[in-house]
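What follows is one structure encoded as structure tokens, with my remarks underneath.
Note that this is a predicted model, so its numbers are computed, not measured.
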Amino acid sequence: MQPIDLQNMYSQLSNVAKTVAGQQQAAQLSDSIQQQQNVQKNIENATKIQKINEQPDTKTINPDGRNNGGSGNQKQKKRDHDNTENQNQIQSSASIQPEYLGTIIDITR
């Protein structure tokens with residue numbers, strides 16, 4: 001091996017080291033930019049959620065799956081009354097039915 005070969009090899013190693021260092025810095029920079037974008041998105045989403053939660057006129061859904069409306073209060077009260085009457089009828093008719101009803105399962109089909 002000649003001294004000139006070593007000189008060329010060291011200069012090439014220096015060039016390779018500079019290239020690798022530049023690539024690593026670029027990768028770190030892109031990672032930090034991506035992290036900043038994720039943080040910004042999270043902040044925007046949090047503010048959107050807070051705005052939605054703070055809105056006073058958000059609609060609520062009743063247990064029966066319908067929207068809660070101010071004009072339907074009387075209808076809702078009537079439905080609730082009808083539901084309680086139906087439940088009372090079901091409970092009273094349950095005492096009339098035989099005990100074995102619902103325990104026999106027909107699987108002959």
Side-chain angles (χ1 to χ4, degrees):
M1 192 178 271
Q2 298 294 324
I4 192 76
D5 292 336
L6 288 175
Q7 188 177 6
N8 287 336
M9 188 171 57
Y10 285 129
S11 66
Q12 290 299 322
L13 283 175
S14 174
N15 290 339
V16 169
K18 287 178 185 177
T19 305
V20 169
Q23 289 174 351
Q24 287 177 348
Q25 286 177 350
Q28 288 175 353
L29 181 63
S30 66
D31 286 343
S32 65
I33 289 172
Q34 188 175 12
Q35 287 177 356
Q36 277 184 328
Q37 289 174 349
N38 288 339
V39 168
Q40 186 66 28
K41 285 181 185 178
N42 289 340
I43 291 171
E44 289 174 5
N45 288 340
T47 56
K48 286 179 185 177
I49 291 171
Q50 287 177 353
K51 286 179 184 178
I52 290 172
N53 288 339
E54 290 174 357
Q55 290 179 354
D57 54 316
T58 57
K59 296 186 178 190
T60 58
I61 297 176
N62 291 335
D64 63 351
R66 298 182 183 187
N67 286 341
N68 188 11
S71 63
N73 258 349
Q74 292 176 350
K75 291 180 182 179
Q76 180 65 29
K77 288 179 183 177
K78 185 177 186 222
R79 271 190 253 127
D80 290 342
H81 181 67
D82 291 343
N83 286 341
T84 55
E85 285 181 6
N86 288 340
Q87 288 176 355
N88 290 339
Q89 288 175 357
I90 290 171
Q91 289 174 354
S92 65
S93 65
S95 62
I96 299 172
Q97 296 174 350
E99 293 179 13
Y100 63 86
L101 187 65
T103 58
I104 300 173
I105 301 173
D106 186 16
I107 57 170
T108 56
R109 277 193 187 182

When you measure from the side chain of Ser14 to the backbone of Tyr10, do you find a donor-acceptor pair of N or O atoms at a distance under 3.5 Å?
no
Interatomic distance, CG@Asp31 vs CG@Leu29, rounded to 0.5 Å, equals 9.0 Å
Value for CD (Gln40) from CD (Gln36), rounded to nearest 0.5 Å, stands at 9.0 Å
Correct closest heavy-atom pair for Ser30 and Ala27 would be OG-O, 2.8 Å
Separation between CG (Asn8) and CG (Leu13), nearest 0.5 Å, reads 11.0 Å
